[in-house]
Amino acid sequence: MRPLFIAGNWKMNPTTRDDAVKLALEVKAGVGAEVSPRVAVCPPAIFLAAIDEALAGSPIGLGGQNMHAKTDGAYTGEISAPMLVDVGCTHVILGHSERRHGMGETDAMVNQKLLAALAAGLIPIVCLGETLEERETDRTESVVTTQLTGSLAGLSAEQMAGVVLAYEPVWAIGTGRVATPDQAQHVHAFIRQSLARSFDQATASRVVVQYGGSVKADNASELLSCPDIDGALVGGASLKSPDFLGIISAARAVESAGKS
Ligand code: PEP
């Protein structure tokens with residue numbers, strides 16, 4: 001069965017290395033040696049090396065929030081997949097809506113980054129999801145289909161099985177407006193059916209699909225209990241250790257109740 005996977009996207013927070021290390025140490029202490037659910041934190045790139053050091057000996061994964069598709073060269077301000085690996089990263093978030101909608105990142109760009117991340121041995125977390133206008137005009141499934149087709153182009157079934165997807169309805173990110181479990185489960189099931197068509201049923205059953213969008217300790221349990229929701233990509237609530245640990249505890253309880 002699929003393990004639950006909780007990842008924290010710290011975005012451009014906190015503003016100092018000391019605060020970032022403090023947060024990482026608090027999460028490390030709370031997680032202890034538990035490997036289930038899987039947990040990762042994705043701090044700002046400039047703090048990755050410090051957080052890697054802080055997390056030494058912990059099962060918590062470390063992720064970048066973005067990367068360039070090339071390995072090296074004249075790309076001022078950019079960071080490559082081998083660089084992320086070199087500072088201790090195991091994961092990388094790709095195609096977050098704040099990059100798709102705020103910085104013009106396209107499915108083709110996400111696809112190039114995804115292939116580069118896999119070549120470097122990183123576990124990619126590929127984000128997708130519709131805007132409010134797209135949902136209200138009944139285009140959620142077509143938008144998600146386009147994102148899946150473009151972002152995942154050229155992947156083998158074996159590569160696909162190692163990719164994490166994060167369904168994040170844009171209208172639920174950072175808004176406090178969470179998708180209902182029914183809404184989220186519907187799209188997660190749709191994503192899995194699409195994967196079965198594009199790859200095969202066995203691959204579709206292996207892919208971890210996280211939900212993201214205003215996940216908190218008090219709504220995590222009902223979301224994570226849905227059959228096709230395999231974890232959460234958490235923004236705001238990953239910045240306070242009690243809140244993030246509360247989500248991890250909720251995931252552990254869902255697992256203990258027999259989900260995975
Ligand atoms: C995110 O940034 O991926 C996210 C889901 O943010 P939030 O949890 O704050 O909605």
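The model shown is predicted, which means the values in this text are computed figures rather than measured ones. When reading the values below, keep in mind they use all heavy atoms of this one structure, side chains included, and skip hydrogens, waters and symmetry mates. Counting starts at 1 for both ligands and their atoms, following the listed order. The residues of the chain are indexed from 1 along the displayed sequence.
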Pair listing, salt bridge (Lys or Arg N to Asp or Glu O under 4.0 Å) test, anchored in residues 107-121, at least two apart
Arg100-Asp107, Glu105-Lys113
Which atom pairs, donor and acceptor, lie under 3.5 Å between side-chain atoms of residues 75-86 and protein residues at least two apart or in another chain?
{"from": "Ser80", "atom 1": "OG", "to": "Thr71", "atom 2": "O", "distance (Å)": "2.8"}
{"from": "Ser80", "atom 1": "OG", "to": "Met83", "atom 2": "N", "distance (Å)": "3.4"}

Which protein residues have a heavy atom closer than 4.0 Å to any atom of ligand 1, listed by chain and number?
Asn9, Lys11, His96, Glu168, Ala172, Ile173, Gly174, Gly212, Gly213, Ser214, Leu233, Val234, Gly235, Gly236
Do other residues, nucleotides or ligands put more than 12 heavy atoms under 6.0 Å from Arg252 CZ?
yes
Please indicate whether Leu132 has more than 12 foreign heavy atoms, meaning atoms of other residues, nucleotides or ligands, lying under 6.0 Å from its CG.
yes
Output the rest of the hydrophobic cluster of Ile93: all Ile, Leu, Val, Met, Phe, Trp and Tyr residues reachable through side-chain heavy-atom contacts under 4.5 Å, sorted by chain and number.
Phe5, Ile123, Ile125, Val164, Val208, Leu233
Does Arg206 pair with Glu158 as a salt bridge, N-O distance under 4.0 Å?
yes
